[in-house]
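Worksheet for the structure shown next.
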Amino acid sequence: MTEEKSLNFLEEIIEQDIENNKHGGRVLTRFPPEPNGYLHIGHAKSICLNFGLGQKYKGKTNLRFDDTNPSTEEVEYIDSIKTDVRWLGFQWDQELYASDYFEQLYSFAVTLIKKNLAYVDDSTAEEIALAKGTPTEPGVPTHYRARSIEENLKLFEEMRAGKYPDGAKVLRAKIDLSSPNMHMRDPLLYRIKHVHHHRTNNNWCIYPMYDFAHGQSDAIEKITHSICTLEFIPHRALYEWFIEKLDLFPSKQYEFARLNMTYTVMSKRKLLQLVNERHVNSWDDPRMPTISGLRRRGYTPQSIRNFCERIGVAKRENNIDVGLLEFCIREDLNLSAWRRMVVLDPIKLIITNYPEGKEELLQSENNPEAQNGDGFRNIPFSKTLWIEREDFMENPPKKFFRLGLNLMVRLKSAYIIKCENFVKDEAGNIREIHCTYIPESKSGNDTSGIHVKGTIHWVSIAHAKTAEIRLYDRLFQVENPANEEGDFKDYINPNSLQIISKAYIEPDLATTNNNRPYQFIRKGYFVLDTDSKPGHLIFNRTVTLKDTWAKVIEKK
RNA sequence: UGCCCAAUAGUAUAAUGGUAGUACAACUGAUUUUGGUUCAGUUAGUCUAGGUUCGAACCCUGGUUGGGCAACCA
């Protein structure tokens, strides 16, 4: 295989396996979420990895819900996970559930008991934890470890039959209480939980633990490459132990480093806290790193897939610059977003030599980056306009290519104007800017011979419509909130959401009613929010444009 | 003071015993009716000490640093 791009370590393993005709060259991966929360950008990395490997090596990928803990899992999460995976652009081969295998897993457990490799332990959770020892001291057996096979068989059956209350007994593997790997010190296989399960209802009151369910589920499905995150490395020995002792299909587990990203948190627990404690409005709040949040924010599946491709895959702990994600969405939107003019912070501009009552319809391209231009729309022009307050300065610094006394700029798709005067109120605030325009400088038909450095956006006051605009910024003020002293929530950015209730938009934009991304010229990329209604448009800012001028100003 | 994993520019990620490369970020400049885009360029890296070798980011040993492991969570 002659690839220009180098392979990541998983691709290397798979290509070697294919070369050695392992599993007849077959590749089958799986994405195994637990349905107890919403998917986030870190899951996107795993999804792109698993489905991507399946595609690349002409294999398949299953979606398997790891639903072995009914006390935290809900159908709501299953639906959102399926929606998010599909939205990202992936198609699973089979939709499966670990709970589909409960009967089979039970018989696996019986097999282990019969081989004297598992036993029922009546100790409490605390007693078991204590008897396990510590990483530096070996564990000791509880006296239940010596139970006979017959007794274990009987007790385990009674556990299933519901004879015992929650916590009364557990089934444990009998491995090695002095293993340096804590996970091999007689790990728990089954616990009693008299809880309704969203798929098996009340059929079961004992549920398998992750370690006893995951690997066997992989084996049952004949998964060839079971890819998980680094924290499961110590579980691998157990994973292989079960497969060996039960003589199952030899699925192999491989581990990669999970995604971390600057200025956000990624653990389900922390995200749940942000929602429950109302630091954000919902799981799909556009400030959340959840897939649903990113979607609502205006991120495209393509941009997220590109991001996951660019960050790579390795075994090293990482903290990816959120700037890379922002680069990926700008890159994508630059090619597709229609340009529109919107004034967020308005100030009135009067063109003194433009006839009162005159109107012109000016043409402007929807997207200068699209090969064919993607068409045009008309924009009404008149004597009085809204422009951005920050595009005028009373005392402009050098290289300020915008408006100031006697300075000239072009009004995008319209005329070149020159600032002649401005009006202040008693408080000293600038209320109006007075300009003259140059009739020969009309866009597309400019015979004036004048060249100006700056171009600014505008909206005709008489024709402007309004919309609510929600400006988002990073949710946290520090790069790695989870690693800071104290509570991560102390580092929440108080200005992560700024609402502009009344921005002026060009009339064409007021008719939008779809998910099309827009670039508000010179301001950023925006998309209609799900709260938006025909009479009350709401736009979310997906990301700002790169702003080198802001950087220059900041330095001064 | 046990076991396991990792260590390459600011952030990620390649180079698999033979020229340390790519992307983002940063910085210059050109182009531009978006201070956007595009284009050209610059800065900047092998944790450390030994060893093997003609030759080491890569192999070996010790150390250092970071991370993980003792849930009836996954």
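Proteins get letters first, then strands, A, B, ... in listed order; numbering begins at 1 in each. Because the structure is a prediction, the values reported are computed rather than measured.
- Atom name P, nucleotides B:U11 and B:U52: the rounded distance is 34 Å, in whole Å.
- The shortest heavy-atom contact between A:Pro396 and A:Phe400 is CB-CD2, 3.6 Å.
- For the P atoms, the distance from B:C47 to B:A14 is 15 Å, rounded to whole Å.
- One N or O on the side chain of A:Arg330 and one on the backbone of A:Thr544 form a donor-acceptor pair closer than 3.5 Å.
- Between A:Phe488 and A:Phe476, the ring-plane angle classifies as tilted under the 30° and 60° cut-offs.
- The nearest whole Å value for the distance from the CG atom in A:Leu188 to the P atom in B:C73 is 9 Å.
- Side chain of A:Arg310, nearest nucleotide from B:A74, B:U34, B:A23: B:A23.
- B:U32 atom P lies 9 Å from atom NE2 of A:His451, rounded to whole Å.
- With RNA chain B read from its 5' end, the first of the two nearest nucleotides for A:Met182 and A:Asp67 is the one closest to A:Met182.
- One C1' atom belongs to B:G2, the other to B:A15, and the distance between them is 36 Å to the nearest Å.
- Spacing between atom NE2 of A:His183 and atom C1' of B:G2 amounts to 14 Å, rounded to whole angstrom units.
- For B:U34, its base never sits under 3.5 Å from the side chain of A:Arg522 at any donor and acceptor pair.
- Distance noted for atom C1' between B:U32 and B:U42: 23 Å (whole Å).
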> Does the salt bridge (Lys or Arg N to Asp or Glu O under 4.0 Å) test come out yes or no for A:Lys523 and A:Glu390, once each step is laid out?
Replying inline: CA-CA 12 Å; A:Lys523 291 276 105 182; A:Glu390 65 173 15; 3.0 Å; yes

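- Position along RNA chain B of the nearest nucleotide to A:Lys412 versus A:Tyr525 favours A:Lys412 as the more 5'-ward residue.
- Using a 4.0 Å cut-off, no side-chain N or O of A:Lys546 falls inside it from OP1 or OP2 of B:A25.
- Nucleic acid contact for A:Lys193: sugar-phosphate only, since backbone atoms but no base atoms lie under 4.0 Å from a heavy atom of the residue.
- Of the residues in residues 317-338 of chain A, A:Glu317, A:Asn318, A:Asn319, A:Ile320, A:Asp321, A:Leu324, A:Phe327, A:Asn334 come within less than 4.0 Å of RNA chain B through at least one heavy atom, sorted by number.
- Here B:A70 is the nucleotide among B:G68, B:G35, B:A70 with the atom lying nearest to any side-chain atom of A:Lys132.
- Separating the P atom of B:U28 from that of B:G36 is a span of 13 Å, rounded to the nearest Å.
- Within the nucleic acid shown, A:Ile311 comes within 4.0 Å of sugar-phosphate atoms alone, with no base atom in reach, counting heavy atoms only.
- A:Val313 comes within 4.0 angstrom of the backbone, heavy atoms only, and of no base.
- In this entry the distance linking CZ of A:Phe526 with P of B:U34 reads 18 Å, nearest Å.
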> Passes salt bridge (Lys or Arg N to Asp or Glu O under 4.0 Å), A:Arg64 versus A:Asp100? Steps please.
Replying inline: CA-CA 10 Å; A:Arg64 184 179 68 235; A:Asp100 294 342; over 6 Å; no

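- Only the C1' atoms considered, B:U61 is 15 Å distant from B:A56, to the nearest whole Å.
- In RNA chain B, runs of at least 3 stacked Watson-Crick or G-U pairs (N1-N3 plus N6-O4 or O6-N4, or N1-O2 plus O6-N3, all under 3.5 Å) give these stems: B:2-7 with B:64-69, B:10-13 with B:21-24, B:26-30 with B:38-42, B:47-51 with B:59-63.
- At the heavy-atom level, A:Tyr415 lies nowhere under 4.0 Å from the strands shown.
- Between the side-chain ring of A:Trp549 and the base of B:G35, a stacking contact exists by the 5.5 Å and 30° definition.
- Considering only side-chain atoms of A:Ile233, the nucleotide from B:C5, B:C72, B:G68 that sits closest is B:C5.
- Counting any heavy atom pair closer than 4.0 Å across all strands shown, A:Thr72 reaches no nucleic acid atom.
- When the shell of 6.0 Å around NZ of A:Lys252 is examined, it contains 12 or fewer heavy atoms from other residues, nucleotides or ligands.
- When A:Tyr190, A:Phe102, A:Tyr101 are each tested for a ring-ring contact (aromatic ring centres under 6.0 Å, His included) with A:Tyr207, only one passes: A:Phe102.
- Residue A:Lys315 has no polar side-chain atom (N or O) positioned under 4.0 Å from OP1 or OP2 of B:G66.
- The CZ atom of A:Arg258 sits 8.0 Å away from the CZ atom of A:Phe232 when rounded to the nearest 0.5 Å.
- Put simply, CG on A:Leu238 is 15 Å from C1' on B:C3, counting in whole angstrom units.
- Comparing B:G35, B:U13, B:G2 against the side chain of A:Thr136 picks out B:G2 as the nearest.
- Looking at heavy-atom distances under 4.0 Å, A:Ala125 makes contact with a base.
- Comparing the C1' positions of B:A23 and B:C4 gives an interatomic distance of 32 Å, to the nearest angstrom.
- Under 4.0 angstrom from either OP1 or OP2 of B:A74 there lies at least one side-chain N or O belonging to A:Arg191.
- Classification of the A:Tyr518-A:Phe539 ring pair by plane angle, with boundaries at 30° and 60°, yields perpendicular.
- For A:Thr134 and B:G2, the shortest distance from a side-chain N or O to OP1 or OP2 is not below 4.0 Å.
- In this structure, A:Lys442 does not reach the B:U33 phosphate: none of its side-chain N or O atoms is under 4.0 Å from OP1 or OP2.
- Between A:Arg269 and B:A74, a side-chain N or O to OP1/OP2 separation shorter than 4.0 Å is absent.
- Side chain to side chain, A:Asn306 and A:Gln302 meet the donor-acceptor criterion of an N or O pair below 3.5 Å.
- The CD-C1' distance, from A:Glu369 to B:U38, rounds to 7 Å in whole Å.
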> Is there a side-chain contact (heavy atoms from CB on, under 4.5 Å) between A:Ile469 and A:Phe520 once you walk through the steps?
Replying inline: CA-CA 11 Å; A:Ile469 312 275; A:Phe520 293 177; 3.7 Å; yes

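- Within the 4.0 Å cut-off from OP1 or OP2 of B:G36, at least one side-chain nitrogen or oxygen of A:Thr548 is found.
- Note on A:Tyr190: nothing from the nucleic acid sits closer than 4.0 angstrom, heavy atoms only.
- Judged by distance alone, the side chains of A:His214 and A:Arg30 do bring a donor and an acceptor atom under 3.5 Å apart.
- Rounded to whole angstrom, the span from the CG atom of A:Leu272 across to the P atom of B:C73 amounts to 17 Å.
- With hydrogens and angles left out, the side chain of A:Arg339 and the base of B:U34 share a donor-acceptor pair within 3.5 Å.
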> Can you list the steps and then say if A:Trp458 with A:Phe381 is a ring-ring contact (aromatic ring centres under 6.0 Å, His included)?
Replying inline: CA-CA 9 Å; A:Trp458 52 273; A:Phe381 183 80; 5.2 Å; yes

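- As rounded to whole Å, 20 Å separates atom P of B:G21 from atom CG of A:Leu7.
- When distances run from any side-chain atom of A:Asp66 to the nucleotides B:A74, B:U34, B:U13, the shortest one goes to B:A74.
- A:Asn36 comes within 4.0 angstrom of nothing in the nucleic acid, heavy atoms only.
- Comparing B:C27 with B:G66, their P atoms sit 31 Å apart, to the nearest whole Å.
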